[in-house]
Amino acid sequence: MAVPGPAPSAGTRPKLDLQFLQRFLRIQKVLFPSWSSQNVLMFLTLLCVALAEQLVIYQVGLIPSQYYGVLGSKDLDGFKALTTLAIVLIVLNSTLKSFDQFISSLLYVSWRKALTEHLHHLYFRARVYYTLNVLRDDVDNPDQRISQDAERLCRQLSSMTSKLLVAPFTLAYYTVQCFHSTGWLGPVSIFGYFIVGTVVNKALMGPIVAKLVQQEKLEGDFRFKHMQIRVNAEPAAFYRAGRVEHLKTDRRLQRLLQTQRELMAKELWLYIGVNTFDYLGSILSYIVIAIPIFSGIYGDLSPTELSTLVSKNAFVCIYLISCFTRLIDLSSTLSDVAGYTHRVGELQEALLDVFLNMQDLESDHGLDRAPVGPAPEPVDTAFLLERVCISAPSSDKPLVKDLSLKVCEGQSLLITGNTGTGKTSLLRVLGGLWASTQGSVQMLTDFGPHGVLFLPQKPFFTDGTLREQVIYPLKEIYPDSGSADNERIVRFLELAGLSNLVARTEGLDQQVDWNWYDVLSPGEMQRLSFARLFYLQPKYAVLDEATSALTEEVEGELYRIGQQLGMTFISVGHRPSLQKFHSWVLKLCGGGRWELTRTKEE
Ligand SMILES: Nc1ncnc2c1ncn2[C@@H]1O[C@H](COP(=O)(O)OP(=O)(O)OP(=O)(O)O)[C@@H](O)[C@H]1O
């Protein structure tokens with residue numbers, strides 16, 4: 001069970017409010033890290049292209065009125081010149097428009113890279129991913145927020161960028177033009193119309209943002225259900241779980257679809273609002289033009305001159321109105337952006353919060369690192385626990401009370417006890433995943449090779465070659481560990497009883513397209529974990545029921561090899577046969593009680 005974390009937005013409904021603005025600005029800092037960043041340059045290029053596009057559009061827009069002129073006066077040369085100009089402008093316009101779309105797409109990819117890498121940085125540092133996924137329940141589906149919501153946010157943002165970018169320029173320009181054509185009446189009535197449109201749309205967008213956030217949560221839950229089946233296909237098949245899982249999965253789908261329907265119902269009102277404003281806008285432009293005509297301002301113009309003027313004025317007014325309606329059309333994109341901004345922003349806040357809490361806990365009563373300077377304890381000590389109390393998250397019941405313990409080189413420790421008495425929890429505290437509720441835990445050795453290595457209860461494999469499984473996690477640190485190690489790796493695989501695996505994978509470096517969890521038996525997985533342990537040769541090996549799928553004989557053999565390689569064990573296990581490889585037995589008796597006894601020497 002997870003504990004609720006202090007979510008910054010817990011209980012609040014996502015809206016288009018100040019919190020949205022704060023989250024949006026925080027995300028913008030990630031998308032535009034500095035003035036000289038590549039994204040700023042692309043953004044400026046997009047601005048230039050979009051402005052050039054507007055200039056060309058303006059020229060294209062004037063062409064019909066010029067046609068009225070040349071056709072009205074039967075000017076053939078003028079007609080030919082105008083047609084040539086029109087063709088050139090149209091080709092230029094379509095080229096610029098295509099570049100606009102191209103740069104917007106590049107910007108989307110570049111933003112997605114920046115935002116996802118930033119979230120990865122926050123997610124994978126320290127053990128934030130563990131705390132967020134296992135210990136906190138305030139942020140649903142972090143994986144979906146990183147992989148899908150961030151992507152959609154960048155896509156929607158990039159789709160509205162060029163329209164938003166040119167809006168201030170086109171608005172200012174066409175407002176002045178409109179003022180020249182129609183006097184103050186045109187711009188004032190168009191601006192008033194836009195303000196009403198914005199207020200109405202803002203009201204219609206509010207409920208959509210909250211629904212979109214809910215829909216994305218259900219989308220994540222639905223995907224997670226499929227992932228659960230995919231990962232557990234075999235046990236599910238043994239249980240003949242198809243029908244029940246089908247029902248459960250369908251139920252999640254129904255919940256998702258119901259929310260999508262509700263979202264669409266809310267969007268319907270927004271669409272009605274947007275479309276009404278679009279069409280009213282086209283009428284408004286003629287009203288604005290009609291007023292000076294009927295008030296007699298153009299009384300002395302000939303019909304040809306008047307139709308040329310009307311055409312020019314109509315274009316200016318219609319274009320100013322369309323600048324506004326295009327902004328209003330962005331309402332549905334903006335409500336999407338707001339929803340995704342809340343989802344990504346919430347995750348970003350939670351990731352930072354988890355990280356800061358972890359730092360606080362580590363310096364308060366969590367896991368203390370070995371102090372710099374002269375060590376107060378001998379260097380052959382791995383862990384030093386003083387009056388440590390441990391409870392499961394969100395529970396007051398102690399699993400371990402007042403435990404004082406020192407784990408030294410050559411003094412292996414076996415932890416035993418009934419189910420659920422807290423054996424793995426003690427290892428979690430040693431590994432720094434959980435904080436102790438009281439007392440101090442010191443780890444006086446580093447993690448990793450030549451220090452402490454944990455083999456968790458569920459073996460862990462990465463995607464990649466057999467070599468990567470054995471040397472994990474070194475591959476990432478030394479990507480070119482090379483073939484010099486081949487002999488060692490093959491020898492340790494043999495020692496772990498996996499000599500056939502090299503043949504199966506057709507070599508250490510052959511990329512396999514299978515999932516290691518699907519193709520290896522539980523025993524093989526445990527053996528492969530031991531091959532990794534032998535290869536990395538830590539001074540201290542922390543083994544959580546690491547041989548539970550193996551026979552006693554094999555278990556004895558693997559422990560003996562570990563001993564020969566100079567390892568000290570901290571093991572969790574149930575078999576009495578394990579005792580001979582350990583000097584101490586810590587028995588957890590439940591309710592916080594424990595007994596520490598020395599085993600008989602062999
Ligand atoms: N993330 C968690 N949130 C809340 N409670 C947890 C969490 N993980 C474990 N617990 C609870 O803490 C208790 C101790 O769990 P732990 O995994 O340490 O048991 P264990 O002694 O290792 O059991 P086993 O022998 O079955 O492996 C259990 O009651 C378990 O349900």
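Note that this is a predicted model, so its numbers are computed, not measured. Ligands are counted one by one from 1 in listed order, and the atoms in each one are counted from 1 as well.
- Asn141 and Arg343 share no donor-acceptor pair across their side chains, judged by distance under 3.5 Å alone.
- Ring planes of Phe24 and Phe20: tilted class, angle from 30 to 60°.
- In terms of polar-atom proximity, defined here as any N/O pair under 3.5 Å, Thr421 does make such a contact with ligand 1.
- No side-chain donor-acceptor contact under 3.5 Å links Arg560 and Gln563.
- If you look at Tyr472 and Phe460, their ring centroids are closer than 6.0 Å.
- Checked by atom type, the side-chain pair Gln348/His118 shows a donor-acceptor distance below 3.5 Å.
- Of the candidates His574, Lys423, Arg428, Lys397, the one placing a heavy atom closest to atom 20 (P) of ligand 1 is Lys423.
- Close approach of ligand 1 to Thr419 (heavy-atom distance below 4.0 Å) involves ligand atoms 25 (O), 26 (O).
- Here the options are Trp584, Phe581, Tyr559, the test is ring-ring contact (aromatic ring centres under 6.0 Å, His included), and the partner is Phe569; only Tyr559 passes.
- Ligand 1 has no atom lying under 4.0 Å from any heavy atom of Tyr130.
- Listed by number with element, the atoms of ligand 1 under 4.0 Å from a non-hydrogen atom of Ser425 are 14 (C), 15 (O), 16 (P), 18 (O).
- In the vicinity of Glu545, heavy-atom distances shorter than 4.0 Å reach the ligand 1 atoms 25 (O), 27 (O).
- Counting only non-hydrogen atoms, the option in Gly420, Ser391, Ser394 that gets closest to atom 28 (C) of ligand 1 is Gly420.
- For ligand 1, none of its N or O atoms has an N or O atom of Trp434 under 3.5 Å away.
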Working for salt bridge (Lys or Arg N to Asp or Glu O under 4.0 Å), residues Lys225 and Asp221: CA-CA 6 Å; Lys225 186 74 205 160; Asp221 291 349; over 6 Å; no
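- A donor-acceptor pair shorter than 3.5 Å cannot be found between the side chains of Arg491 and Ser499.
- Remark: distances from the non-hydrogen atoms of Gly422 to ligand 1 include one below 4.0 Å.
- At least one heavy atom of Pro393 lies less than 4.0 angstrom from ligand 1.
- Under a 4.0 Å criterion applied to the non-hydrogen atoms of Val134, ligand 1 contributes the atoms 1 (N).
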